Amino acid sequence: MADGRFITLEGGEGVGKTTNLEFVVDRLKQHGLDVVVTREPGGTPVAEELRDLLLRVRDDEMVPLAELLLMFAGRAQHVEQLVKPALAKGQWVVCDRFTDATYAYQGGGRGIDDRQIALLEEMVQGPLRPDLTIYLDVPVQIAAERIAGREHDRIERERVEFFESVRATYIARAREYSRIQLVDAAADIEQVQADIALILDYFVGSAD
Ligand code: Z5A
């Protein structure tokens, strides 16, 4: 049986991950692939409960280390119960956010040292890393305008500087890791999806 592949979608809030997730899945299915769609935080019942805990707006402040550990607690459940078994069955796993988001939000945004994140990444994932990451890049102001009318969760209520640091971290990681493909997602949706299609078709072609 052919090995599965692990594809993640990343970006700040409002960049179009939800909008483009379905497009990614359909494109992979057109290639005849068996696709599983999931998300983080979340993806399994326990991890979805932790997601609720992480994103719910409350009066009591959550300290950055607690936020980091909860992200990885949910990831441990998700990786063991869903991601690894699906990959072992030869399925292609498409995940809305993964550990690059931890480096961007808890690292870039909250200021937690990358080495602490890397320790947890190793503990929870072992050698598992995404095979391909599509990073949707949109300037913070434009993304904020796109989701202006929505109710914001706990993390979405952060200041502009927080989201600028998140974006800068994603861009730096896209320069560092060749698996991370940056897409200009401020362009119109047809152009964004044409760019995503090119990346996916090339990736699928080279994965045979
Ligand atoms: N988080 C973390 O801190 N650490 C971690 O390790 C992980 C996550 C894994 C939940 O993520 C939060 O968890 C997130 C990071 C944190 N918090 N924040 N901020 P999420 O993925 O569930 O939530 P989100 O990032 O806030 O998703 P979102 O708000 O739903 O945004 P989106 O899915 O990227 O955007 P969208 O809903 O597809 O599009 C937004 C609007 O723009 C919509 O009206 C679209 O029609 C429109 N749109 C989309 N594309 C275009 C283009 N190209 N042009 C014009 N308009 C467009």
Side-chain angles (χ1 to χ4, degrees), residues 6 8-25 37-44 47-48 50-57 62-79 82-83 93-112 114 116-118 120-121 124-125 129-130 133-167 169-170 173 183-197:
F6 186 24
T8 58
L9 228 62
E10 293 282 359
E13 75 294 339
V15 297
K17 289 184 309 323
T18 309
T19 309
N20 289 301
L21 193 67
E22 200 180 321
F23 177 80
V24 169
V25 171
V37 189
T38 186
R39 69 172 180 181
E40 286 210 355
T44 72
E48 287 291 331
L50 291 171
R51 176 189 176 93
D52 183 50
L53 190 62
L54 277 159
L55 300 184
R56 198 186 321 138
V57 178
M62 185 181 291
V63 298
L65 186 57
E67 186 177 273
L68 175 73
L69 294 171
L70 285 173
M71 287 293 173
F72 272 107
R75 186 160 297 139
Q77 283 288 135
H78 185 221
V79 163
L82 192 151
V83 180
V93 178
V94 178
C95 189
D96 185 348
R97 295 190 184 283
F98 194 61
T99 307
D100 291 305
T102 313
Y103 282 99
Y105 283 81
Q106 283 64 52
R110 303 278 188 231
I112 294 177
D114 274 6
Q116 287 186 305
I117 300 174
L120 290 166
E121 182 181 36
V124 168
Q125 297 167 219
R129 300 289 181 275
T133 297
I134 297 175
Y135 164 58
L136 302 174
D137 183 58
V138 177
V140 170
Q141 186 55 39
I142 295 176
E145 283 162 15
R146 285 185 185 172
I147 57 164
R150 284 191 195 170
E151 195 174 328
H152 289 352
D153 66 38
R154 188 179 61 81
I155 297 177
E156 285 170 342
R157 292 178 180 217
E158 283 298 331
R159 301 176 325 276
V160 169
E161 302 79 61
F162 176 92
F163 294 109
E164 293 290 2
S165 299
V166 167
R167 181 174 181 229
T169 307
Y170 271 129
R173 289 181 69 76
V183 170
D184 173 10
D188 61 58
I189 191 75
E190 289 75 19
Q191 183 59 53
V192 172
Q193 294 188 340
D195 290 348
I196 292 175

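Since the structure is predicted, the reported quantities are computational estimates derived from the model, not experimental observations. We're numbering straight along the sequence, starting at 1. In listed order, ligands and their atoms are each counted from 1.
Using a 4.0 Å cut-off between charged side-chain N and carboxylate O, R39 and E48 make a salt bridge.
No N or O atom of D188 sits closer than 3.5 Å to an N or O atom of ligand 1.
The I155 neighbourhood of ligand 1 comprises atoms 3 (O), 16 (C), 17 (N), 18 (N), 19 (N), with distances under 4.0 Å to a heavy atom of that residue. Applying the 4.0 Å criterion to heavy atoms of P41 picks out, from ligand 1, the atoms 7 (C), 8 (C), 9 (C), 13 (O). Applying the 4.0 Å criterion to heavy atoms of A187 picks out, from ligand 1, the atoms 52 (C), 53 (N), 54 (N). For ligand 1 and Q106, the ligand atoms under 4.0 Å from any heavy atom of the residue are 2 (C), 3 (O), 4 (N), 5 (C), 6 (O).
With V192 as reference, N20 is the one residue of V138, V15, N20, T19 to meet the side chain to side chain contact (heavy atoms under 4.5 Å, CB included) rule.
Which of K17, M71, H152, E67 comes nearest to atom 2 (C) of ligand 1 through a heavy atom is settled by distance: it is M71. Summarising the contacts of atom 48 (N) of ligand 1 with E156, R39, R146, the nearest heavy atom is found in R146.
Heavy atoms of R75 found under 4.0 angstrom from ligand 1 belong exclusively to the side chain.
Closest to atom 39 (O) of ligand 1 among all protein heavy atoms lies T19 OG1, 3.5 Å. Closest protein heavy atom to atom 22 (O) of ligand 1: R51 NH2, 2.6 Å. Distance from atom 6 (O) of ligand 1 to its nearest protein heavy atom, with residue and atom name: T102 OG1, 2.6 Å.
Aromatic pair Y103/Y170: centroids not less than 6.0 angstrom apart.
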